[in-house]
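A, B, ... follow the sequence lines: proteins, then strands. Residue 1 opens every chain.
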2 protein chains.
Amino acid sequence: MSARRTTPPVLEGLSIRERSVAFEDLTARARIREAALEHFAREGYDRATIRAIAKTAGVSAGLLRHHYGSKEDLREACDHYVFEMLHRVNAGLLADPGTTAQTRQMSKPFGTYVARSLADGSPTVGPIFDELVTMTEAWLARADDSRTDTPIVDRRVRAVLVTAMKIGIPLLHEHVSRSLGTDMFGPEGDRLIALGLLDIYSHALIDDDVATSAAAGYEEPQR
Amino acid sequence: MSARRTTPPVLEGLSIRERSVAFEDLTARARIREAALEHFAREGYDRATIRAIAKTAGVSAGLLRHHYGSKEDLREACDHYVFEMLHRVNAGLLADPGTTAQTRQMSKPFGTYVARSLADGSPTVGPIFDELVTMTEAWLARADDSRTDTPIVDRRVRAVLVTAMKIGIPLLHEHVSRSLGTDMFGPEGDRLIALGLLDIYSHALIDDDVATSAAAGYEEPQR
DNA sequence: TCCAGTCCTATACAAACGTCTAGCAACTTA
DNA sequence: TAAGTTGCTAGACGTTTGTATAGGACTGGA
């Protein structure tokens, strides 16, 4: 297939479903992993079944066990895979921050998987959350520079909250899409969300004096 | 038990676990409901089992079925119960907005249940999300009044995002608590989060011009 | 006293699940 | 050619799950 390559160089060899390489051309082992990522992200770890994943991958349930051992081992393999993928995406973004919109689109399936895994309580995704918090913290540092007053709580705390909040959106994709009137993973929903987040992040949602007076009630433990 | 009543009048007859009435004094039917709320909120619908809920309630699995029919019916009963509770809390807050800190604490178990149900895809909690969005929308209206520029997206869209983000925090309570170094449902974590949210909501996180330039890339569909 | 209804337990059942074993076919290596 | 390794399927096993049924204990009214 020599069609014009639409994959940005940053994501070379990263995603599968969205790239030019066909799903059927993958090895069975890779197909199982892709199918597992899909099922885990969409249905969660518990609802997803070995047999359904195997069926999506076009193999038997026995082969899945042959390659990955157990369901828990399969999840760990997916976690490590996504972990490495996100690192590569991140490194690529640092080197070439131009193609943000496209990479956003490409890394989306990984994002939903991470979000779902975090909510499901996967034992190995904790470091990913911590890393996202650290990235947010560095991002918040810039905002704190152009700020006159002193924040009432540590930057780390705010980074944790912003990170968790951001992940909440794909976690509630069903209700977000319904309320938006369009699929939030589609191009229209994606645009709405991106613009909405930019607007929210660039404006204060409550008055400063209202916030400080409300914060006063929390400064000392309530009786 | 004639100890000083700590329950604010707003929540009269609302929560159970945190009130003076003992869990053992409830009818079996109520104990089952309370146990189900606890298990569904903590473990999610799939991981929670009929038998475990019955054991927590101190009854047999058969009695659970006798009172509630099926697991799905039990979930619906919990949904409707929480739905009504939140309405009463909301009505009470409108009538007497003074005891916000305490009511926050009291309505927290319901909040985590709603959050988990929304993420689990419960069929009957959709309206709750829509209602929360509407409340957020009214709340955003005040912020829009004291604003000079025109928002780039509809207020409804921003309300949806803010609502989903807020719910994301209890959904990721495990990682939030770990990153915070303290249980986010404890008094210390609760204070940190309340203050953190106030700080975040009362300040812009990115510069306005940066946002507008970034938004420009989304105004027209990318090629 | 009898009877009907309610509350409750114990046990059984069918389905679905993760896991395991046996075995076949193709390819590689000695 | 023989033996070993790898990729793969089919089927069975034991457990757990939601659900169903039979029956006991208690209560209130006729």
TODO: Return the value, rounded to whole Å, for the distance between atom NE2 of A:H66 and atom C1' of C:dA26.
DONE: 13 Å
Open item on the list: Once side chain to side chain contact (heavy atoms under 4.5 Å, CB included) is applied, do any residues pair with B:A52, and if so which ones, sequence neighbours excluded?
Closed with: B:H39, B:T49
TODO: Provide, to the nearest angstrom, the distance between the OH atom belonging to A:Y68 and the P atom belonging to D:dC8.
DONE: 11 Å
TODO: Only pairs at least two apart or in different chains count here, so list each ring pair (Phe, Tyr, Trp, His ring centres under 6.0 Å) that has a residue in residues 49-71 of chain B.
DONE: none
Open item on the list: Restricting to side-chain hydrogen bond (donor to acceptor under 3.5 Å, both in side chains), what partner residues turn up for B:S70, sequence neighbours left out?
Closed with: B:D73
Open item on the list: Please classify the nucleic acid contact of A:H67 as base, sugar-phosphate, or nothing, using heavy-atom distances under 4.0 Å.
Closed with: sugar-phosphate
Task: side chain to side chain contact (heavy atoms under 4.5 Å, CB included) partners of B:H87, counting only residues at least two apart - done: B:F83, B:E131
- [ ] At under 4.0 Å between heavy atoms, which parts of nucleotides 10-27 of chain D does protein reach? Answer with one letter per nucleotide, 5' to 3': B base, S sugar-phosphate only, - none.
- [x] --B----BBBBB------
Open item on the list: Filter on ring pair (Phe, Tyr, Trp, His ring centres under 6.0 Å), then keep only pairs touching residues 114-141 of chain B, sequence neighbours left out; what's left?
Closed with: A:H175-B:F129, B:W139-B:Y201
